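The structure displayed is predicted, hence computed values, not measured ones. Sequence lines set the chain letters: A, B, ... in the order given, protein chains first and strands last, and positions in each chain run from 1.
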Amino acid sequence: MPKFYVTTPIFYLNAKPHIGHAYSVTIADVLARWHRLKGDDTFFLTGTDEHGEKVEKKAAELGISPQEHVDRLSAEWKEAWKKLNISNDDFIRTTELRHEKAVKHFVKLMHDNGDIYEGVYEGWYCTSDETFIPESQLADGKCPECGKEVRKLKEETYYFRLSRYQEHLLEYYKQNPNFILPKKRAAEIINRVNDGLKDLSMTRPSVRWGIPFQFNDKHTIYVWVDALVNYLSAQGWPDKEPKYWPADVQIVGKDIVWFHTVIWPAMLISAGFKPPKSVLVTGHFISEGKKMSKSIGNVADPTELVNKYSADSLRYFLMRELPLGDDGDFSEKLLAERNNNELAADLGNLVFRVLTLSSKFEGKLEGKPALESSMDLKAFQEAMDRYDTYKALEIIWRFIKAANKYINDTKPWELQGSELANALYNSIEAIRVIAILISPFMPAAADSINKQLGIPSGRFEDCKFSRIDYIPKKGAPLFKKIE
RNA sequence: AGCGAGGUAGGGUAGACUGGAGUGCCCGCCGGGCUCAUAACCCGGAGAUCGGUGGUUCAAAUCCACCUCUCGCUACCA
């Protein structure tokens, strides 16, 4: 049985989930459900990244322990994904013992391989925010956060010999042209790696809320090194072999591509693992032409949207709105439009009218497949296997439109006897197949269709028109229009 | 500044690698059809000098050069 392992980034606990996070977990969820539908042995991981200075400081502000703080926040994220109907197989938290154990072992392997050495890190430091600022982030030579002066500061640190892996990485990119997806993202990384790699400062003497560095207990391990190992620690490693590694696809936002396509693979090679098979870089949502940010107040809260519309509506919108890897506009108006036109009118109404027609029918539902050829299953499968949910939905919608047209053309309400049976047979088989195809995207709607048809959930191989031996019972409309 | 990706009807996209009538899709707009259905569904139509200029070619959205505009990335903020 083929294996499939998909991951999202683990989310840093310095804010609530926003629409971009929802996008990442939804695409991972759709892929996981798709592979389960095909019968693959699937593992889907998400979680939260809980160490670091920002978390420590926020907890102090709130007057609670960092652990208490992350316990609360992590629960919020879990709840948000539950509302979105996310089917993750595990939820990893970097403050869990299993993770700490894995990180320490991972660092030991890197160390044993001669890739960790002691040194000094020198950078621009903002005293007010108590943090180093990368040179490129400086705003007119001042701190971009608080606007105050920064000064050069030296700090003891341990380095990871990242520079040693430049050739390995370039070779890996060459051998695996689908490592960075979509491909247009690959060039900018490869060119930068070509220009040379600097070693990575991987411990912090000043941060206390982190995993202790076992070779010098005054240091904690840099949060990124800590965080990246989650993809292995959730597999039960090092107590057992990581069954699903290497991951088939790791979903990342474009802001963290470097960590997942350069640092992470280098760490893995150093510790004796294979890099992931591919890293899928997603675009960002912008809001009416502007970046979403808390200061503008245009941040969309996925939980609120789920409450107002439905998990399915939001999931559909997210998968349909952004062409793979591109940025897209988010606005509630667009969400409402898609909900009303494509879900309520095209799909919901199709199911509703078919159920109305067939509920009145009393004979045997049989006929010859006439509509099947309008569904291009091969193209659908190809799109899904390239992670192109946008295209896949377009193909499903072509079929939905064909089904609506079939009903208009055959006019079942004017037919009788075997002609009527045949028209209904094709209509019902169409929505049965549609339920299977939309199930990775809109699991609740798929369940509702199956329930109305009185059948269990189908598998991908059931997408063929066959005999009908069940009695449909009409239920409530799948989607409601909003406003 | 360097590197990268783009500019195709009112908006959003596909097509570009392997040149061949501006060909497709979604939304919006206009007109018609239908009445099973959530004023839903189906059909038809208007609307584009394919960012600009020049070149290669029998033929360019597609290949080449230059120009212009937009956007992204530039590593230790997790």
K.L.:
Report yes or no: is the cationic atom of A/Lys474 (NZ for Lys, CZ for Arg) under 6.0 Å from the centre of the six-membered ring of A/Phe352, at an angle within 45° of the ring normal?
P.N.:
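Yes, cation above the ring, under 6.0 Å and within 45°.
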K.L.:
Heavy atoms only, 4.0 Å cut-off, all strands: where does A/Phe479 land among base, sugar-phosphate and nothing?
P.N.:
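The residue A/Phe479 makes base contact.
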K.L.:
Taking the P atom of each, how far is B/rU13 from B/rC30, in whole Å?
P.N.:
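To the nearest whole Å, 24 Å.
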K.L.:
Within the 4.0 Å heavy-atom criterion, would you say A/Pro412 contacts the bases, only the backbone, or no part of the nucleic acid?
P.N.:
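Nothing, no heavy atom under 4.0 Å.
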K.L.:
Looking at the side chain of A/Phe259, which of B/rA75, B/rC41, B/rU13 is the nearest nucleotide?
P.N.:
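Nearest to the side chain of A/Phe259 among the choices is B/rA75.
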K.L.:
Which value, in whole Å, describes the distance between the C1' atoms of nucleotides B/rC63 and B/rC58?
P.N.:
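B/rC63 and B/rC58 have their C1' atoms separated by 16 Å.
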K.L.:
Mind checking if A/Ala344 touches a base, just sugar-phosphate, or nothing, with heavy atoms under 4.0 Å?
P.N.:
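Base contact.
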K.L.:
What about A/Asn349: does its side chain form a donor-acceptor pair under 3.5 Å with the base of B/rA40?
P.N.:
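Counting by modelled atom types and ignoring angles, no donor-acceptor contact under 3.5 Å is found here.
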K.L.:
I'd like to know whether A/Ile407 forms a side chain to side chain contact (heavy atoms under 4.5 Å, CB included) with A/Leu357, so could you lay out the CA-CA distance, the side-chain angles of the two residues, the decisive distance to 0.1 Å, and finally the verdict.
P.N.:
CA-CA 10 Å; A/Ile407 295 170; A/Leu357 289 164; 4.3 Å; yes
K.L.:
Under 4.0 Å between any heavy atoms, over every strand shown, what does A/Gly210 touch: base, sugar-phosphate, or nothing? Just pick one.
P.N.:
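Here A/Gly210 touches no strand at all.
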K.L.:
Is the NZ or CZ atom of A/Lys78 both under 6.0 Å from the centre of the six-membered ring of A/Phe91 and within 45° of that ring's axis?
P.N.:
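Checked: cation-pi criterion met.
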K.L.:
Using a 4.0 Å heavy-atom cut-off, does A/Thr356 contact any base of the nucleic acid, only the sugar-phosphate backbone, or nothing at all?
P.N.:
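Sugar-phosphate only.
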K.L.:
Mind checking who B/rG31 pairs with, Watson-Crick or G-U wobble, both distances under 3.5 Å?
P.N.:
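Base partner found: B/rC43.
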K.L.:
Toward the 5' end of RNA chain B, which comes first, A/Glu414 or A/Lys401, by nearest nucleotide?
P.N.:
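Its nearest nucleotide lies further toward 5', so the answer is A/Lys401.
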K.L.:
Describe the nucleic acid contact of A/Leu197 in one word from base, sugar-phosphate, nothing, applying a heavy-atom distance below 4.0 Å.
P.N.:
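Here A/Leu197 touches the bases of the nucleic acid.
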K.L.:
When the C1' atoms of B/rC36 and B/rG47 are compared, how many Å lie between them, rounded to an integer?
P.N.:
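The same atom, C1', in both gives a distance of 34 Å.
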K.L.:
Which word best sums up how the rings of A/Phe11 and A/Trp77 line up, parallel for under 30°, tilted for 30 to 60°, or perpendicular for over 60°?
P.N.:
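Plane angle under 30°, so parallel.
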K.L.:
By the 4.0 Å heavy-atom rule, please label A/Asn341 as base, sugar-phosphate, or nothing.
P.N.:
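Sugar-phosphate, no base atom in range.
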K.L.:
Using a cut-off of 4.0 Å on non-hydrogen atoms, how would the nucleic acid contact of A/Leu350 be classed: base, sugar-phosphate, or nothing?
P.N.:
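Nothing, no heavy atom under 4.0 Å.
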K.L.:
Could you tell me which nucleotide pairs with B/rC3 by Watson-Crick or G-U wobble geometry, both distances under 3.5 Å, or answer none if nothing does?
P.N.:
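Paired with B/rG72.
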K.L.:
Whole-Å distance between B/rG10 C1' and A/Lys333 NZ?
P.N.:
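Taking atom C1' of B/rG10 as the reference, NZ of A/Lys333 is at 12 Å.
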K.L.:
Can you find a heavy atom in the side chain of A/Arg398 that is under 4.5 Å from one in the side chain of A/Ser374?
P.N.:
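Side-chain contact under 4.5 Å: no.
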K.L.:
Check whether any side-chain heavy atom of A/Leu268 sits under 4.5 Å from a side-chain heavy atom of A/Leu232, and report yes or no.
P.N.:
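A/Leu268 vs A/Leu232: side chains touch.
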K.L.:
Please state the P separation for the pair B/rA48 and B/rG2 - nearest whole angstrom.
P.N.:
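B/rA48 and B/rG2 have their P atoms separated by 38 Å.
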K.L.:
Would you mind telling me which residue lines up with the more 5' stretch of RNA chain B, A/Met202 or A/Leu357, judged by nearest nucleotide?
P.N.:
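Here A/Leu357 is the residue nearer the 5' end.
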K.L.:
Please state the P separation for the pair B/rG31 and B/rG12 - nearest whole angstrom.
P.N.:
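About 26 Å, rounded to a whole number of Å.
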K.L.:
When all nucleic acid strands are considered with a 4.0 Å heavy-atom cut-off, which category describes A/Asn194: base, sugar-phosphate, or nothing?
P.N.:
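No contact.
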K.L.:
Are A/Leu393 and A/Met319 packed together at the side-chain level, in the sense that at least one heavy-atom pair is separated by less than 4.5 angstrom?
P.N.:
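Yes. Closest side-chain heavy atoms under 4.5 Å.
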K.L.:
Paired with B/rU38: which nucleotide, if any, by Watson-Crick or G-U wobble criteria at under 3.5 Å for both distances?
P.N.:
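Pairing partner: none.
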K.L.:
Would you indicate what A/Gly348 reaches in the nucleic acid, counting non-hydrogen atoms under 4.0 angstrom: base, sugar-phosphate, or nothing?
P.N.:
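Contact class for A/Gly348: base.
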K.L.:
Does a side-chain N or O from A/Lys481 land closer than 4.0 Å to OP1 or OP2 of B/rA40, or not?
P.N.:
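So the side-chain polar atoms of A/Lys481 do come within 4.0 Å of the phosphate oxygens OP1 or OP2 of B/rA40, strictly under.
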K.L.:
If you measure from the C1' atom in B/rA9 to the same atom in B/rG15, how many Å do you get, rounded?
P.N.:
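Between the two C1' atoms, the distance is 16 Å.
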K.L.:
Scan every strand shown for a Watson-Crick or G-U wobble partner of B/rU13, both distances under 3.5 Å, and answer none if you come up empty.
P.N.:
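With both distances under 3.5 Å, B/rU13 matches B/rG24.
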K.L.:
When you compare B/rC43 with B/rC34, how far apart are their C1' atoms, in angstrom units rounded to a whole number?
P.N.:
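Taking atom C1' in both B/rC43 and B/rC34, they lie 10 Å apart.
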K.L.:
Hunt down the Watson-Crick or G-U wobble partner of B/rG19, both distances under 3.5 Å, from any strand shown, or write none.
P.N.:
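The answer is none; no pair meets the criterion.
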K.L.:
With sugar-phosphate meaning primed atoms plus P, OP1 and OP2, does A/Asp255 contact a base, only sugar-phosphate, or nothing at under 4.0 Å between heavy atoms?
P.N.:
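Since no nucleic acid heavy atom lies under 4.0 Å of A/Asp255, the category is nothing.
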K.L.:
Given that both distances must come in under 3.5 Å, which nucleotide forms a Watson-Crick or G-U wobble pair with B/rA65?
P.N.:
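Pair assignment: B/rA65 / B/rU53.
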K.L.:
Sticking with atom P, work out how far B/rG54 lies from B/rA16, rounded to a whole angstrom.
P.N.:
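My reading of the P atoms in B/rG54 and B/rA16 gives 27 Å.
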K.L.:
If you check the A/Trp413 side chain, which of B/rU13, B/rC36, B/rC42 turns out closest?
P.N.:
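The answer is B/rC36, which lies nearest to the side chain.
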